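Because the structure is predicted, anything quoted here is derived from the model rather than measured.
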Amino acid sequence: MSEVIKISLPDGSVREMPQGSTPGDVAAAIGPGLAKAALAAKVNGELRDINRPLEGDTELALVTSRDEAEALELARHDFAHVLAEAVQALWPGTQITFGPATDDGFYYDVKAPTTRDPFSMDDLPAIEEKMREIIKADKPLRREIWSRQQLIDKWSAEGETFKAEWAAELPENEELTVYWSGDDWLDMCRGPHLPSTGKLDPQAFKLMRVAGAYWRGDQNNAQLTRIYGTGWLNKKQLNAHLTRLEEAAKRDHRKLGQEMNLFHLQSEAHGSVFWHPHGYQIWRELEAYMRRAIDGAGYNEVKTPQVMDARQWEQSGHWGKYRENMFVIPDEVPNTEDEGPIVSDAAEWMALKPMNCPAHVLIFRQGIKSYRDLPLRIYENGCCHRNEPHGALHGLMRVRQFTQDDAHIFCTEDQIVEEVQAFCRLADRIYKDFGFTYAIKLALRPEQRFGSDADWDKAENELRDAVVRAGLATEEFGWEELPGEGAFYAPKLEWHLTDAIGRTWQVGTIQSDRVLPERLDASYIGEDGEKHRPVMLHRAIFGSYERFIGILIEHFAGRLPVWLAPVQAVVATIVSDADAYASESISKLQAAGIRVESDFRNEKINYKVREHSLAKVPYLLVMGMREAEEGTVAVRTLGEKEQRVMSIDDAITMLKEAATPPDLR
RNA sequence: GCUGCUGUAGCUCAGUGGUAGAGCGCACCCUUGGUAAGGGUGAGGCCGAGAGUUCAAUUCUCUCUAGCAGCACCA
């Protein structure tokens with residue numbers, strides 16, 4: 001072996017270093033500034049510790065805080081370890097388990113010693129303080145290789161039963177790594193880590209909350225306490241993140257829905273929405289928009305039964321694979337006597353539909369279909385009920401009754417790619433109309449599924465093909481494949497929207513399904529005069545009206561575009577002598593199709609301006625005696641301080657223009 | 001469904017082992033005013049449901065229920 005190793009650096013230069021040098025040594029050789037800034041290294045593309053000796057000739061890139069993604073990942077991982085160390089320092093006997101980095105921080109799952117209650121929010125300040133101490137102590141983080149037995153012995157001796165269990169399941173001969181923090185604390189970890197705790201900014205993290213979590217994510221296992229933190233490279237980033245969270249809280253659709261009087265939820269119908277007039281106006285506008293879209297795209301709208309016999313759900317497969325999410329109903333006249341059960345043991349079952357697909361197949365099956373009928377696109381604003389776990393319910397985003405913009409395209413094998421591409425174009429147009437950008441992802445076969453592997457290969461390939469050929473399977477569109485995330489009957493293409501503050505929401509989907517046509521015996525007569533099985537494409541763009549409206553409220557922070565705003569204008573009078581003129585103006589506005597309300601109350605104009613601004617009404621039309629005499633109106637646009645005085649006719653023209661839906665412009 | 005926290009007026013929230021309070025909203029009165037809160041008076045509560053402890057429970061304990069945050073699951 002030679003005495004020197006050759007290090008290729010990103011700028012193309014090659015540096016010779018003595019055998020056994022570390023990336024840190026290389027940094028030092030390049031310059032003291034870099035030596036100080038270097039946090040870790042990419043060795044042949046793999047992220048590694050700065051002090052881990054290089055093995056032979058390598059390509060090396062030093063990672064500094066400028067490499068934000070890597071630096072954040074390292075910092076968050078280190079914060080997690082410091083968190084665990086702090087908790088054990090404060091409460092000896094605490095068991096530690098796992099602590100990874102997350103999208104905006106880190107967490108660590110711990111189990112409090114039996115001598116105290118599980119950790120709570122009240123403990124967080126003390127833990128934060130201890131973490132700062134550990135960071136300020138600038139403890140070196142040192143990698144060591146241990147054998148499996150060493151690990152098992154150590155964890156067993158210290159009563160770390162979870163760690164011991166985990167270690168015992170690791171491969172026997174693999175080199176396992178531990179990291180020391182100083183000389184007094186260690187955790188087993190694959191690494192890599194920063195060279196010392198002092199590289200962390202003690203002002204760049206905050207512990208956020210505690211929550212229950214299970215050992216290995218299985219609810220049959222021990223309950224642990226998960227301590228969540230958010231972690232960044234510096235205080236400025238942390239503050240920006242905290243501001244973002246505040247912004248998200250302000251946009252919370254549950255809060256805005258209450259304030260704007262759009263809808264409410266109550267325990268007697270938990271998980272189902274009571275739409276108020278203003279909220280339902282948004283719905284109606286979306287429904288009208290979607291009807292224009294599907295009418296123009298060759299769909300046929302239908303309406304299908306809410307309740308079907310259990311035998312039908314058995315045949316479709318839902319009874320077997322989906323029953324725990326279904327509401328079942330006895331098909332029997334209930335007993336009205338005071339005595340005895342309401343329903344007998346002999347009752348047959350029916351169920352509320354959790355999906356629209358079987359009913360659409362039943363429509364397809366009516367009459368004999370020819371290949372000339374295909375593709376046949378059946379659309380429904382389908383109201384579905386799903387018996388969701390109570391803990392999953394969340395405002396409009398996760399409910400038990402929801403209406404999908406659901407359609408099923410029955411087509412031949414040859415038509416699949418074209419139909420998927422047409423759908424991609426339709427979805428693209430619609431999401432852009434609402435101002436969303438999106439990413440497309442392919443959810444591949446789940447463990448629990450119907451159908452042969454060959455069918456799944458085919459289905460996955462054709463979805464992938466369609467997107468690739470449409471040029472959408474690129475980084476720019478966030479293309480990604482998600483193993484195991486498909487539906488039980490088909491793989492899914494998923495559209496993930498990005499909203500105004502950068503959060504993503506899965507809404508649209510298209511799935512190619514060969515299972516359901518088979519199970520429900522759908523067929524068409526081909527050119528050859530023989531019976532063939534159609535392929536069924538399940539697809540939705542809004543996903544559900546409930547959820548999509550929730551997303552819109554948060555995306556626009558309640559300030560919906562004029563065409564969607566439940567109240568597009570409020571006419572507010574300054575003095576009651578202007579009421580007659582205002583009433584007349586309102587009639588004209590209404591005749592022009594503007595959704596306008598009046599505010600003739602005995603309040604000052606300041607008060608009215610404030611109230612309607614907070615209610616996020618796009619236009620406030622102010623009328624006093626001056627306007628009444630001149631036939632004008634003072635228009636105040638939401639978010640602007642200036643007012644514009646114009647004639648009523650001009651105001652109507654302007655409002656009509658502003659209120660035109662994007663697809664009709 | 002699991003764990004933790006919470007449930008007091010329409011809304012947001014104080015508070016107490018001796019059956020309750022604020023602000024906003026609402027009603028009425030005065031005020032008719034020019035672009036983000038004019039003044040006064042008043043009405044509103046089985047203190048989430050059930051059980052237990054107690055002379056006495058909205059307050060303490062338990063069970064249930066709903067909400068919230070996570071987990072698990074999903075449009």
Q. Is there a donor and acceptor pair, one atom on the side chain of Arg636(A) and one on the base of A36(B), closer than 3.5 Å?
A.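 Yes, a donor-acceptor pair under 3.5 Å.
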
(Q) Testing the 3.5 Å rule here: is there a donor-acceptor pair between the side chains of His278(A) and Glu597(A)? (A)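 Their side chains do contain a donor-acceptor pair, which is all the 3.5 Å distance test asks for.
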
Q: Side chain of Arg226(A) only, please: which of C71(B), U35(B), A72(B) is the nearest?
A: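 The listed nucleotide nearest to Arg226(A)'s side chain is C71(B).
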
Q.
Given C11(B), U35(B), A75(B), identify the nucleotide with an atom nearest to the side chain of Val609(A).
A.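 Nearest nucleotide to the side chain: U35(B).
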
**Q.** OP1 or OP2 of C71(B) under 4.0 Å from side-chain N/O of Tyr228(A)
**A.**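 Answer is yes, contact under 4.0 Å.
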
(Q) Using a heavy-atom cut-off of 4.0 Å across all strands, would you classify His612(A) as base, sugar-phosphate, or nothing? (A)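 The residue His612(A) makes no contact with any strand.
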
Q: With the side chain of Pro389(A) defined as its heavy atoms from C-beta on, choose the nearest nucleotide among G33(B), G1(B), A75(B).
A: G1(B)

Q.
Can you check the distance between A14(B) and U6(B), where both ends of the measurement are the C1' atom (answer in whole Å)?
A.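 Result for the C1' pair: 15 Å, nearest Å.
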
Q.
Please classify the glycosidic conformation of G48(B) as syn (within 90° of 0) or anti (everything else).
A.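 Here G48(B) takes the anti form, which means its glycosidic angle is more than 90° from 0.
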
Only pairs under 3.5 Å count here: list side-chain donor-acceptor contacts from residues 426-433 of chain A, not counting sequence neighbours, and write none if there are none.
from	atom 1	to	atom 2	distance (Å)
Asp428(A)	OD1	Lys432(A)	NZ	3.2
Asp428(A)	OD1	Tyr438(A)	OH	2.5
Asp428(A)	OD2	Lys432(A)	NZ	3.1
Tyr431(A)	OH	Gly508(A)	N	3.2
Tyr431(A)	OH	Ile541(A)	O	2.7
Asp433(A)	OD2	Tyr289(A)	OH	2.6

(Q) Of the options A75(B), A36(B), G38(B), whose atoms approach the side-chain atoms of Ser613(A) most closely? (A) A36(B)

Q. Side chains of Gln258(A) and Phe263(A): does their closest heavy-atom pair fall under 4.5 Å?
A. no

Q. With a non-hydrogen cut-off below 4.0 angstrom, is Leu620(A) in contact with a base, only sugar-phosphate, or nothing?
A.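 Contact class for Leu620(A): none.
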
Q) Pairing of RNA chain B as dot-bracket, 5' to 3': ( ) intra-strand, [ ] crossing, | other strand, . unpaired, with Watson-Crick or G-U pairs under 3.5 Å? A) (((((((..((((....[..)))).(((((.......))))).....(((((..]....))))))))))))....

Q.
Below the 4.0 Å mark, does U65(B) have OP1 or OP2 next to a side-chain nitrogen or oxygen of His270(A)?
A.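 No, no such contact exists.
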
Q) Just wondering, are more than 12 heavy atoms of other shown residues or ligands nearer than 6.0 Å to CH2 in Trp166(A)? A) no

Q: Establish, with yes or no, whether the OP1 or OP2 oxygen of C68(B) is under 4.0 angstrom from a side-chain nitrogen or oxygen of Arg254(A).
A: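 For C68(B), OP1/OP2 do have a side-chain N/O of Arg254(A) under 4.0 Å.
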
Q) Hey, is CD on Gln266(A) packed in by over 12 heavy atoms from elsewhere, all under 6.0 Å? A)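 Counting neighbours around CD of Gln266(A), more than 12 heavy atoms of other residues, nucleotides or ligands fall under 6.0 Å, so yes.
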
Q: With the side chain of Ser576(A) defined as its heavy atoms from C-beta on, choose the nearest nucleotide among G33(B), U32(B), C71(B).
A: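 Nearest to the side-chain atoms of Ser576(A), counting from C-beta on, is U32(B).
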
**Q.** Side-chain (Glu160(A)) to main-chain (Ile96(A)) donor-acceptor, under 3.5 angstrom
**A.** yes

Q) How far, in whole Å, is A57(B) from C71(B) if one measures between their P atoms? A)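 Straight-line distance between the two P atoms is 42 Å.
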
Q: Examine A69(B): is either OP1 or OP2 under 4.0 Å from a nitrogen or oxygen in the side chain of His394(A)? Give yes or no.
A: yes

Q: With C1' as the reference atom in both, quote the distance from G10(B) to A43(B) in angstrom, rounded to an integer.
A: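 Straight-line distance between the two C1' atoms is 13 Å.
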
Q | Neighbour count above 12 (heavy atom, 6.0 Å) for Glu642(A) CD | A |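 12 or below, so no.
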
Q.
Would you say the ring centers of Phe542(A) and Trp283(A) fall short of 6.0 Å from each other?
A. no

Q | Distance test, side-chain N/O of Lys492(A) to OP1/OP2 of A75(B), below 4.0 Å | A | yes

Q.
When you compare the ring of Tyr607(A) with the six-membered ring of A36(B)'s base, are the centres less than 5.5 Å apart and the planes under 30° from each other?
A.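 Per 5.5 Å and 30° rule: no stacking.
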
Q. Among A37(B), A75(B), C26(B), which is the nearest nucleotide to the side chain of Arg610(A)?
A.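 Given the options A37(B), A75(B), C26(B), the side chain of Arg610(A) is closest to A37(B).
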
Q: Go through G33(B), G67(B), A36(B) for me and flag the one nearest to the Ile574(A) side chain.
A: G33(B)

Q.
Can you tell me which nucleotide in C71(B), U35(B), C74(B) comes closest to the side chain of Val622(A)?
A.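 Between C71(B), U35(B), C74(B), the one nearest the side chain of Val622(A) would be U35(B).
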
**Q.** P spacing across the pair A75(B) / A36(B), given as an integer number of angstrom
**A.** 47 Å

